[in-house]
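Here is the structure we will look at.
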Amino acid sequence: MSIVNEQKTSTTSPSPLERAGERIAIQGIVGSFHHQVAQEYYDQDVVVDECLSFDELVDSLLSGKSSQAVMAIENSIAGPIIPNYALIDKNNLHIIGEHYLRIHQNLMALKGQSIADIKEVYSHPMALLQCMDFLKQYPHIKLVEDKDTAETARRIQENQLKGVAAIASKVAAEMYGLEILAPEIQTIKNNMTRFVIVNKENSFVPENEINRASLKFELDHKRGSLAAVLNVMSDCKMNLTKIQSLPKIETPWKYSFFVDVTFEKYEDYAKAKSLLEIMAEYFKVLGEYRNTKPLINED
């Protein structure tokens, strides 16, 4: 059995404002949803390192170019972003916090155009997926996946691309001088993305404030092994909020499980963790932090 469990907590918890002077890596550019999260989590004046891919974001963090990173991890419509869990795991990064952002997608283009003039729409694949019901109404429009919502909006303005639209935030439209042709085009109006705050070091959150954890484990391939683990979580009063399997490329038909749990008492979680360390062939803590999930019926 292999155990990786180095997640310790410090006795102090720096507030986001205290860390505002540090450079924060984001996926995308200024005006993107990642940038909005960084502003809300840290401070409006946060200094960001713009990364056009999540691999580049991780490199920024590992190289010391940035001190922390904001990374989208799951969306209420499209589901979990499993490659990002794999990036956190592979690079031994730690989740130290989370932030939820309501996503409002807007179709935008150079001023003076209508939807009938648009031949192509560029945006991040997640944004396109979130707006598919709206886009299906316009079969003449070609959908093109791109690296970032805000970067696409900026490129349209810089190159004066007519007949081309972007899907991005209202802030991006204002920042890059585009006209919103159709607001709020996401399929589900209560569309929310969960972002995690990632660090090279362990959690800053005091133990008595921790009520959420992200874990990874591997089990022996035999009947009932996963059920036994889930029973332990239930017996220890864990609330399983997400479970996702990911195949191990180097070992055919072997899977890693990524789970998120919430709990009221750290003691209950500590008990479950000690049992899982025994039961699993491999166990790793990806993060221990505060649960900040908003109420579903929140406006």
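Predicted, not measured: the structure shown is a model, and the values here were computed from it.
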In Å and rounded to the nearest 0.5 Å, what is the [atom1] to [atom2] distance from [X] to [Y]?
{"X": "I95", "Y": "L286", "atom1": "CD1", "atom2": "CG", "answer": "5.5 Å"}
{"X": "I29", "Y": "T152", "atom1": "CD1", "atom2": "OG1", "answer": "8.5 Å"}
{"X": "D148", "Y": "F33", "atom1": "CG", "atom2": "CZ", "answer": "9.5 Å"}
{"X": "S67", "Y": "I24", "atom1": "OG", "atom2": "CD1", "answer": "4.0 Å"}
{"X": "K119", "Y": "K162", "atom1": "NZ", "atom2": "NZ", "answer": "12.0 Å"}
{"X": "L219", "Y": "F217", "atom1": "CG", "atom2": "CZ", "answer": "5.5 Å"}

Side chain proximity check, [X] to [Y], heavy atoms < 4.5 angstrom:
{"X": "E264", "Y": "N211", "result": "no"}
{"X": "R23", "Y": "V48", "result": "no"}
{"X": "L52", "Y": "E151", "result": "yes"}
{"X": "I180", "Y": "L107", "result": "no"}
{"X": "T187", "Y": "Q130", "result": "no"}
{"X": "V259", "Y": "L240", "result": "yes"}
{"X": "E50", "Y": "V30", "result": "yes"}
{"X": "M238", "Y": "V232", "result": "no"}

With no hydrogens and no angle check, is any side-chain donor or acceptor of [X] less than 3.5 Å from a backbone partner on [Y]?
{"X": "N91", "Y": "L93", "answer": "no"}
{"X": "N208", "Y": "I210", "answer": "no"}
{"X": "T149", "Y": "S32", "answer": "no"}
{"X": "N239", "Y": "V261", "answer": "no"}
{"X": "S63", "Y": "D59", "answer": "yes"}
{"X": "Q113", "Y": "L110", "answer": "yes"}

Checking [X] now: which residues fulfil ring pair (Phe, Tyr, Trp, His ring centres under 6.0 Å) with it, not counting sequence neighbours?
{"X": "F134", "result": "Y138"}
{"X": "Y289", "result": "none"}
{"X": "Y122", "result": "none"}

Go through the steps to decide whether N202 and H94 satisfy the test side chain to side chain donor-acceptor pair (under 3.5 Å), and finish with yes or no. CA-CA 6 Å; N202 297 330; H94 300 274; 3.0 Å; yes
From CA spacing to verdict: side chain to side chain contact (heavy atoms under 4.5 Å, CB included), L181, I118: CA-CA 10 Å; L181 304 181; I118 302 303; 3.8 Å; yes
One pair to check against side chain to side chain donor-acceptor pair (under 3.5 Å): S60 and S66. What are the steps and the verdict? CA-CA 6 Å; S60 174; S66 60; 2.9 Å; yes
Indicate if [X] and [Y] have the same hydrophobic cluster label, given that clusters are the connected sets of ILVMFWY residues with side-chain heavy-atom separations under 4.5 angstrom.
{"X": "L87", "Y": "L62", "result": "yes"}
{"X": "V144", "Y": "I185", "result": "no"}
{"X": "F283", "Y": "L275", "result": "yes"}

Of all residues at least two apart in sequence or in a different chain, which pass the side chain to side chain donor-acceptor pair (under 3.5 Å) check with [X]?
{"X": "Q157", "result": "Q160"}
{"X": "K254", "result": "E281"}
{"X": "N231", "result": "none"}
{"X": "Q27", "result": "none"}

Walk me through it: do K271 and E267 pass the test salt bridge (Lys or Arg N to Asp or Glu O under 4.0 Å)? CA-CA 6 Å; K271 179 181 178 181; E267 293 78 9; over 6 Å; no
Tabulate below the donor-acceptor pairs under 3.5 Å that side-chain atoms of residues 69-80 make, not counting sequence neighbours, or state none.
| from | atom 1 | to | atom 2 | distance (Å) |
| --- | --- | --- | --- | --- |
| E74 | OE2 | R194 | NH1 | 2.9 |
| N75 | OD1 | I77 | N | 2.7 |
| N75 | OD1 | A78 | N | 2.9 |
| N75 | ND2 | N191 | OD1 | 2.9 |
| N75 | ND2 | M192 | O | 3.2 |
| N75 | ND2 | T193 | OG1 | 2.8 |
| S76 | OG | M192 | N | 2.9 |
| S76 | OG | M192 | O | 3.2 |

Please walk me through it: do D260 and S214 pass side chain to side chain donor-acceptor pair (under 3.5 Å)? CA-CA 4 Å; D260 285 345; S214 296; 2.7 Å; yes
Inter- and intrachain pairs under salt bridge (charged side-chain N to carboxylate O under 4.0 Å, His left out), touching residues 229-249, at least two apart: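 For residues 229-249: E218-K248, K248-E250.
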The complete set of salt bridge (charged side-chain N to carboxylate O under 4.0 Å, His left out) pairs with one or both residues in residues 178-189, sequence neighbours excluded, reads none
So with a 6.0 Å cut-off around CD of E120, is the heavy-atom count from everything else above 12? yes
If the condition is side-chain contact (heavy atoms from CB on, under 4.5 Å), which residues does S245 pass it with, not counting sequence neighbours?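 Listed in chain order: Y255, F257.
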Dump the intermediate steps for side chain to side chain contact (heavy atoms under 4.5 Å, CB included) on N106 and I167, then the final yes or no. CA-CA 5 Å; N106 305 274; I167 294 176; over 6 Å; no
Tell me who clusters with M126, hydrophobic residues only, linked when side chains sit under 4.5 Å apart either directly or through other members. I81
Salt bridge (Lys or Arg N to Asp or Glu O under 4.0 Å) for D49 and K65? Distances and angles first, verdict last. CA-CA 8 Å; D49 181 28; K65 187 177 181 181; 3.5 Å; yes
Can you tell which of D89, L246, I88 makes a side chain to side chain contact (heavy atoms under 4.5 Å, CB included) with K216?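 Only one of D89, L246, I88 forms a side chain to side chain contact (heavy atoms under 4.5 Å, CB included) with K216, namely D89.
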Could you tell me how the ring of F263 sits relative to the ring of Y269: parallel (under 30°), tilted (30 to 60°) or perpendicular (over 60°)? parallel
Output yes when E277 and K273 qualify as a salt bridge under the 4.0 Å nitrogen-oxygen rule, no when they do not. no
H124 and E145: side chain to side chain donor-acceptor pair (under 3.5 Å), yes or no, with the steps? CA-CA 5 Å; H124 190 278; E145 295 184 354; over 6 Å; no
Under the criterion side chain to side chain contact (heavy atoms under 4.5 Å, CB included), I'd like the reasoning laid out for I141 against L143: C-alpha separation, chi angles, the key distance, then a yes or no. CA-CA 6 Å; I141 297 179; L143 307 182; 4.3 Å; yes
